[in-house]
Structures are given as C-alpha cells and as structure tokens.
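Below is one structure, written out as structure tokens; the observations come after it.
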Amino acid sequence: MTRLRKQSSSSGHPDALGPVTRGPKIIAPIPPRPTTPTAPETDSSRATSATFSFSLRPQEVARHLDRFVIGQAEAKKVLSVALCDHFQHVRLTREGKPARFYQKQNVLLLGPTGVGKTHLVRSAADLIGVPFVKADATRFSETGYVGADVDDLVRDLIRRAGGDIRQAEHGIIYLDEADKLATREAGAGRDVSGRGVQTNLLKLMEDADVPIVSPNDVTGQLQGAMATMRGGAPASDTINTRHILFIVSGAFAGMEQVVRRRLTAAGDTSARVASLTGAQLLSAAGTADFVAFGFEPEFIGRLPVRVACHGLNTEDLYNVLLKSESSLIRQYERAFSAYGIRVKFKASGLRRLAQIATSENIGARGLMTACERVFRDFKFQLPSAAVKEFTVTRQLVDDPAGELRALLKR
Ligand SMILES: Nc1ncnc2c1ncn2[C@@H]1O[C@H](COP(=O)(O)OP(=O)(O)OP(=O)(O)O)[C@@H](O)[C@H]1O
Ligand SMILES: [Mg+2]
C-alpha cells in the first residue's frame with residue numbers, strides 16, 4: 001500500500017527543520033530520512049493489479065512534495081488533486097463502479113526554467129501506485145521513423161506494468177518539454193513535425209486503441225504471430241488510453257509576451273498590463289494564448305487543468321539549499337565525505353550562493369552553476385591535501401581562491 005511516512009519535525013510540517021531554522025551558527029546537514037528516496041520515474045511503477053491500493057488524500061500528497069520542492073503551492077495543490085482523483089477513479093473502476101461519463105483531468109504545468117516543474121512530478125513519482133512513464137516531447141517525430149512514435153509511450157506503460165494491460169490502462173504519462181511541440185509562424189524555427197506530434201497525441205490523450213506491438217517492431221510482430229499460432233496470444237492486441245492520465249509540462253518561454261499582447265489588444269490599459277509580473281501573466285494564459293504560441297486548439301483543449309509555476313527569488317533559492325531534501329549541499333557533503341573531508345555550511349554562505357544563483361536567472365539551476373564555480377578548486381585540491389574539514393561562509397563564497405590558499409597553508 002502506498003503510504004506517506006510520518007514527518008519527523010515537531011510541527012509536523014516537512015519544511016519545519018527544527019534545529020536548522022532556529023539559527024545555529026552552522027547549518028547542520030539535514031538528516032536523511034529513513035525511507036525510500038525520490039525514486040527515479042522509471043522505478044515508480046511497482047504496483048501490480050493484485051496490490052493496487054491508494055489511501056492518500058491531496059493534502060498528504062502535497063506534504064510529501066513539500067519535502068523536496070520549495071514554493072509552488074498552487075502547482076502542488078493542482079497536482080495532488082489530479083493524482084488523487086485519478087487514483088480514486090482507478091479504484092472505483094476496479095471495484096466494479098466505473099463512472100459513466102468520466103472526463104480526464106490532464107494537467108499542464110508551465111513556468112520559467114529551473115523552478116521545479118519536472119522536479120515536482122519526479123517527486124510525486126514515488127507515491128504513484130500505477131505505472132508511470134516520463135518522456136521528453138523532443139523525442140518524438142510525426143512518423144516515428146526518425147524519432148520515436150507517441151504510441152511508444154503507451155507501450156512503455158505496458159512494459160512498466162510488467163505486461164499487465166489492465167494496469168497500464170490506468171497509468172500516468174508525463175510528457176516534459178511539451179512547449180517544444182509548438183509550431184511557430186514560418187521562419188521562426190520550429191520544424192513542422194511538432195504539429196504532427198500534437199495531432200498524434202490528441203488521440204492518445206482522449207481515447208485511442210494502441211497496438212500492443214509496434215508496427216515498426218518486426219521481431220515483436222513475429223513473436224506475436226507465433227504466440228497466436230501456439231494459441232498463447234493475449235486476449236486483446238490493443239490497449240485503450242481512455243483512462244490514462246497525462247501530465248504535460250514545459251517552460252513556454254515567450255508566453256508572457258503573448259498574453260501581454262492579447263491583454264493590450266483587448267483594451268486593457270497598458271499601465272495595468274505592464275505592472276503584471278511574469279507569474280501573473282503565465283497564470284492568465286488562456287486557450288487563445290496557447291494557440292497563438294503554436295498549439296492546436298484540440299491539443300490544448302485536452303489539457304483542462306493548467307497551472308503556472310512562479311519564479312524563485314533569493315529567499316526561495318536559500319530555502320532550496322537549506323530545506324529541500326534534494327538540496328545540492330547534500331551532494332557536496334557526500335562528494336567531500338568520500339575523501340574523508342567534512343564540509344559545513346553557514347547560513348551566510350548559503351545566502352550568498354542563493355544571491356549569486358538569482359542573478360543567473362535560471363531558477364534553482366543557477367545554484368549548481370554558483371556552487372560549481374565556488375567549489376571547483378576545492379574539489380580538485382582538497383582530496384590530495386591534509387585538510388579534513390572546512391566551513392562555507394560568505395567570505396569563502398566571495399573569495400574561494402583566497403580561502404583555499406589559507407586553508408591549505410593551515
Ligand atoms: N522549487 C524547487 N524546490 C527545490 N528544488 C528545486 C526547485 N526548483 C528546481 N529545483 C532544483 O533544480 C533542478 C532543476 O529543476 P527542474 O528540473 O524541476 O526545472 P524545470 O522547472 O523542469 O525547468 P525546465 O523548464 O528548464 O525543464 C531540480 O532537479 C531541483 O534540484
Ligand atoms: Mg523540466
């Protein structure tokens with residue numbers, strides 16, 4: 001059974017890292033929690049039809065996401081509700097109580113780069129008790145001759161379900177980088193196959209029967225034919241996608257301008273439009289804006305639940321380092337401890353790293369860039385030196401070369 005483990009902080013909130021936030025001089029490493037870490041998406045489809053059971057409620061799912069993802073409350077809410085609804089729908093269907101007119105709540109997540117869109121879905125993956133596949137939209141081509149065929153996504157679900165078609169029919173497909181499917185006006189760059197892929201996805205997202213064996217898979221076709229001759233072929237040679245949930249995400253760079261243009265054309269005062277933040281503009285994106293961006297109305301119409309992720313400010317990035325269980329500082333602690341070196345982080349050092357990352361303007365990805373620059377020489381030199389411990393302060397972040405020299409001299 002999929003269950004959330006109990007939070008260890010006294011407040012019960014996963015972000016309430018007692019000793020860390022109450023201000024010791026040194027930021028103690030966040031103790032790893034004794035449960036399964038965020039499973040990579042490929043590992044998250046362990047359920048079998050015999051074991052399916054799901055008892056989580058949306059707020060519990062959101063609390064689980066809080067452990068890994070800082071901010072993005074609205075996206076967490078939307079994702080938690082969509083996942084729980086999907087599970088309840090699967091449960092009722094399997095209990096012999098199918099809904100007569102069930103409409104899928106496929107989700108579209110959009111927002112600037114590096115703010116946690118992929119991270120959110122990846123973090124939800126270890127709670128997902130149905131088969132789950134993730135793919136980048138850039139992988140596909142219209143015909144499937146050059147890139148993959150979108151139908152392969154559904155066949156991947158069957159593989160994840162260990163061949164159990166019934167399981168796979170209730171799975172979840174996560175399509176990342178979906179904005180790359182947009183077809184822009186001629187000359188704007190994007191090839192025409194984006195539209196073809198959108199059209200192929202339309203059928204999948206609603207209700208399609210997909211052949212279990214790809215028409216391009218000659219070996220598979222032969223094996224199928226032989227199984228049929230032996231009388232061992234599966235009951236059906238297709239899988240239906242009516243109950244598969246789709247989660248789609250992408251940065252949709254430039255969408256703000258599309259929305260701004262529409263608002264201005266609709267007579268909104270330019271002062272008001274100019275005062276809207278990027279997040280507000282993205283939240284205001286409607287079907288017409290997605291169409292102007294280069295999507296087919298039928299494609300975007302099949303993604304009724306839309307939510308914008310906000311950009312991350314310095315405080316958010318500081319919290320990403322300090323509180324997230326997937327914080328980069330864990331990675332650095334691990335890398336140095338492999339050589340017997342203990343690294344400690346002071347709040348001032350983390351804050352400075354967050355400031356540098358903010359100026360990169362690539363969300364939390366900027367933290368990696370900032371850390372890499374600061375720690376490059378430490379990683380190169382310390383493993384061969386006698387240093388067994390060092391502390392990351394604001395001074396060290398501002399002058400890594402000088403601090404390293406001093407450390408080596410000591
Ligand atoms: N809100 C957040 N909280 C904690 N960590 C985050 C957050 N946002 C991003 N990160 C970290 O930054 C990395 C990159 O984030 P992610 O892959 O989710 O970006 P994205 O929003 O999908 O961007 P893109 O549109 O470029 O794909 C994550 O692996 C994670 O470590
Ligand atoms: Mg992403």
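All ligand and atom numbering here is 1-based and tracks the order in the structure.
Atom 18 (O) of ligand 1 has its closest protein heavy atom at His119 N, 2.9 Å. Nearest to atom 23 (O) of ligand 1 among the protein's heavy atoms is Gly114 N, 2.8 Å. Nearest protein heavy-atom neighbour of atom 22 (O) of ligand 1: Thr118 OG1, 2.7 Å. Annotation: atom 4 (C) of ligand 1 to nearest protein heavy atom, Phe68 O, 3.2 Å. Nearest non-hydrogen protein atom to atom 25 (O) of ligand 1 is Lys117 NZ, 2.8 Å.
Inspection of the Glu169 and Asn240 side chains reveals no N or O donor paired with an N or O acceptor under 3.5 Å. Side-chain atoms of Gln331 and Arg334 form no donor-acceptor pair, as typed in the model, at a separation below 3.5 Å.
Under a cut-off of 6.0 angstrom, the local environment of CD in Gln103 is sparse, with at most 12 non-hydrogen atoms contributed by other residues, nucleotides or ligands. Dense packing is recorded around CD of Glu177, with more than 12 heavy atoms of other residues, nucleotides or ligands lying under 6.0 Å away. Environment of OH in Tyr102: crowded, with over 12 heavy atoms of neighbouring residues, nucleotides or ligands closer than 6.0 Å.
The shortest N or O to N or O distance between Gln72 and ligand 1 is not below 3.5 Å. Residue-to-ligand polar distances keep Ala364 apart from ligand 1: every N/O pair is separated by 3.5 Å or more. Between Arg365 and ligand 1, a contact under 3.5 Å exists for at least one N or O pair. No N or O atom of Leu120 sits closer than 3.5 Å to an N or O atom of ligand 1. For ligand 1, none of its N or O atoms has an N or O atom of Ser326 under 3.5 Å away. For ligand 1, the polar-atom distance check finds an N/O of Gly116 within less than 3.5 Å of one of the ligand's N/O atoms. Among the atoms of Ile70, some N or O lies under 3.5 angstrom from an N or O of ligand 1. Taking distance alone, with nitrogen or oxygen atoms compared against 3.5 Å, Ser324 stays at or beyond that limit from ligand 1.
Contacts between Val320 and ligand 1 below 4.0 angstrom, taking non-hydrogen atoms only, involve the side chain exclusively.
Of the residues listed (Val307, Val81, Val69), the one engaging Lys76 in a side-chain contact (heavy atoms from CB on, under 4.5 Å) is Val69, and it is the only one. Exactly one of Ile247, Asp156, Leu153 qualifies for a side-chain contact (heavy atoms from CB on, under 4.5 Å) with Ile173. That residue is Leu153.
For an aromatic pair to be called close, the ring centres must be under 6.0 Å apart, and Phe295 with Phe252 satisfies this. Taking the six-membered ring where the residue is Trp, the centroids of Phe336 and Phe390 are separated by under 6.0 Å.
Side-chain atoms of Asp289 come within 3.5 Å of backbone N or O of Gly286 as a donor-acceptor pair. A donor-acceptor distance shorter than 3.5 angstrom exists from the side chain of Asp179 to the backbone of Ala251, with no hydrogens or angles considered.
Heavy-atom separations between Gly363 and ligand 1 are all 4.0 Å or longer.
Atom 13 (C) of ligand 1 is not flagged as protein-proximal [any protein heavy atom, distance under 4.0 Å].
The option from Leu317, Leu312, Thr113 that lies nearest to atom 26 (O) of ligand 1, judged by heavy atoms, is Thr113.
Within ligand 1, counting atoms from 1 as listed, the ones closer than 4.0 Å to a heavy atom of Glu177 are 27 (O). Counting the atoms of ligand 1 from 1 in the order shown, those under 4.0 Å from a heavy atom of Ala251 are 25 (O).
The nearest N, O or S atom of Ser249 is not closer to the Mg ion (ligand 2) than 2.8 Å.
Checked for salt-bridge contact, Arg260 and Glu256 miss the test: no charged N lies under 4.0 Å from a carboxylate O.
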